[in-house]
Amino acid sequence: MSLASLEIDLDVFSGPFDLLLTLVLREEVDLLEVPLAEIVLTYLDHLEQRGELDLEAATEFIVLIAALLELKSRLMLSGEEEELLDIEPEQAAEELLARMLDAARYRAAAGHLRALLAAEEGVRFRAAPLPLALRRRIVPAAEGSERPELLGEAIGRLLAMPPKINLRHIGSPRVSVAERLAHLRGLLRRGAFSFDEAVRGADRMTIAVTLFALLELYKLGEASWEQRESFGEIAVSATATSPEALAPPAARLAG
Amino acid sequence: MSAPAGEQDEQTPALARTVEALLFLSADPLSVPELAAAAETGEGAVVAALALLGQEYAPGRRGIVLRELGGGFTLASDPSTEEAARRLFSRPRLATLTAAQAETLAIVAYLQPISRPEIARIRGVSADSATATLLERGLIEEAGHSQFGALQYRTTTQFLKLFGLRDLDQLPDVARWDPSPEEQAELRDRLLRAGEARAGGEAG
Amino acid sequence: MSAPAGEQDEQTPALARTVEALLFLSADPLSVPELAAAAETGEGAVVAALALLGQEYAPGRRGIVLRELGGGFTLASDPSTEEAARRLFSRPRLATLTAAQAETLAIVAYLQPISRPEIARIRGVSADSATATLLERGLIEEAGHSQFGALQYRTTTQFLKLFGLRDLDQLPDVARWDPSPEEQAELRDRLLRAGEARAGGEAG
């Protein structure tokens, strides 16, 4: 693979990318100390120099870097007692392999679908509305024919909290992104707040997940933040288009 | 058809096939110039092709007929098939509430006025089509804009009639169906929180 | 009907005409039971009528073809007429899929119902924008929530129609694209072997 020729120069390691991968899997380089963003930047530079995009290699790189990111995030998120810290290099290699195979499998299936679609080129279907005379007639329901209890029942269903999410492969996180999203939205509804306030008294894992939830809110356009100096206080506030004016992604999609 | 007599699998000439396909695909009548431009041929050839199709799709021969309408040509189902079409497409349907509509209606009834984004957040999925149907059926109506500019909804008199209610105070007490009655927060906050938790499952 | 010699005036039997009209009118593929119910006849008679129509609308004969797609029967334009259709309707029938969209669609097609986080996990990258496009094009749709509350997706009839599939069973077994055990073993080794050869001095 052309990835082998990708030279990485980091504080913790200097050499070809596939060697770094191997050393990480053999735990000879601590993944926690490998700045993955720098690897991505190196790769982008490499692409720019070559001036051409090898899709095969690019896909392979993305799959590998994604696997590394997941491994790293597991290491960061799991508690000291987590058995995942003791993950064997062979296990990690298996995990990477399984992931590459899975991705390859559906990439091939995607190719098949595209071929099917291409074979149907030129086939069109009629999409005309039904003649007026045939449109469905709707008979209005009689007055008093619906039970008011129907409405109460619906509210009861909507009040039910979903069961707690159990991410079996990460062990048992004590806090979910969904919870922290709800927490942050609750704070936002009251006005601006500082990140420290949002995680006061929380453990390391909760802080990490809260930060993740904050990024999600930022992505959804519901919140923005400001940090005047590094390591200073992070002030979080609702964006001009406040939460009430914003629909969740699902609503936007269906539009 | 102009093919020699007795030929079983005679083919329709290419131009007639093209015209047939275009008429089939188009919801509106197509004029001879339009057909000629699309097929990149002369109008005379199109007229000839239409004449050929007119024979094949003559009334009473098939389930589809060729009609000249509004300065153009169109394919239509034969009137003799209308009864079956009516059975398939236009069975009169009693307006009942789907689960999504009932949920949306309940949210509007208990929290009105309420905006569509809020409804979507409580339901965890888009409420657009349910809201549209409820508006169409006259069970909810627009109720101005929220302070953030989002359109709000409230229930109508028609809604009260459908449920046999004198006024909104007669809505049943939600406590009967509350899965965790010990919770103290306001109904709106609790519904939003539960909805966000449901939608948040995606982000996990 | 049984006109002698000249099959020119030959009429299509009444049931076949009805079925033809229903297929013409319906935007979605119609199944044999649906057709039988609408025509108030038995399924065997409908199958026979469809066989007759299948001959008349055989590929290459006319501008319209009869297709078995998406769990039922439907009429479609013959691909040979596509150029003219594109000129008339001035838009391609379906923009091709990007690699990301095709991959996401393949994952949904094979593993449905499946949630967005699961898709992202398999692809190794977010599937948000691909999922949005597929939803918008009607190739996938929402299919309720998983036990963990995440929204799930499945493919639509529209997907089957556009990809020329009768049903999902027509998709080949995904294992067909698995690398051979030898290739897998080689890949596995490769992850460790490359390092062992060089691990000695190079680590910084």
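Below, chains carry the letters A, B, ... as their sequence lines are ordered, and counting in each starts from 1.
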Taking [options] one by one, which has the highest count of heavy-atom pairs under 4.5 Å against chain A?
| options | value |
| --- | --- |
| B:E103, B:Q170, B:R193, B:R190 | B:E103 |
| B:A27, B:A85, B:A194 | B:A194 |
| B:S180, B:G164, B:P172 | B:P172 |

What residue among B:I122, B:L192, B:L187 forms side-chain contact (heavy atoms from CB on, under 4.5 Å) with A:L158? B:I122
Give the minimum heavy-atom separation between A:R126 and B:S26, together with the two atoms involved.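 Heavy atoms of A:R126 and B:S26 come nearest at NH1-O, 3.5 Å.
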Taking all heavy atoms of B:A102 and all of A:A154, pick out the closest pair and write down the distance. O-CB, 4.0 Å
Proximal component of [X], with respect to chain A [non-hydrogen, under 4.5 Å]:
| X | result |
| --- | --- |
| B:E82 | both |
| B:F24 | both |
| B:L165 | side chain |
| B:L160 | neither |
| B:R176 | side chain |
| B:L171 | side chain |
| B:I114 | neither |

So do A:L150 and B:F163 actually touch side chain to side chain, heavy atoms under 4.5 Å?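 Touching, per the 4.5 Å side-chain cut-off.
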Answer key: most heavy-atom pairs under 4.5 Å with chain B among A:P148, A:A160, A:A127, A:A182 is A:P148
Quick check on A:R157: does its CZ atom have over 12 non-hydrogen neighbours (other residues, nucleotides or ligands) under 6.0 Å away? yes
N-O pairing of A:R189 and B:E196 below 4.0 Å: yes
If you measure from CD1 on A:I155 to CH2 on B:W177, what distance do you get to the nearest 0.5 Å? 10.5 Å
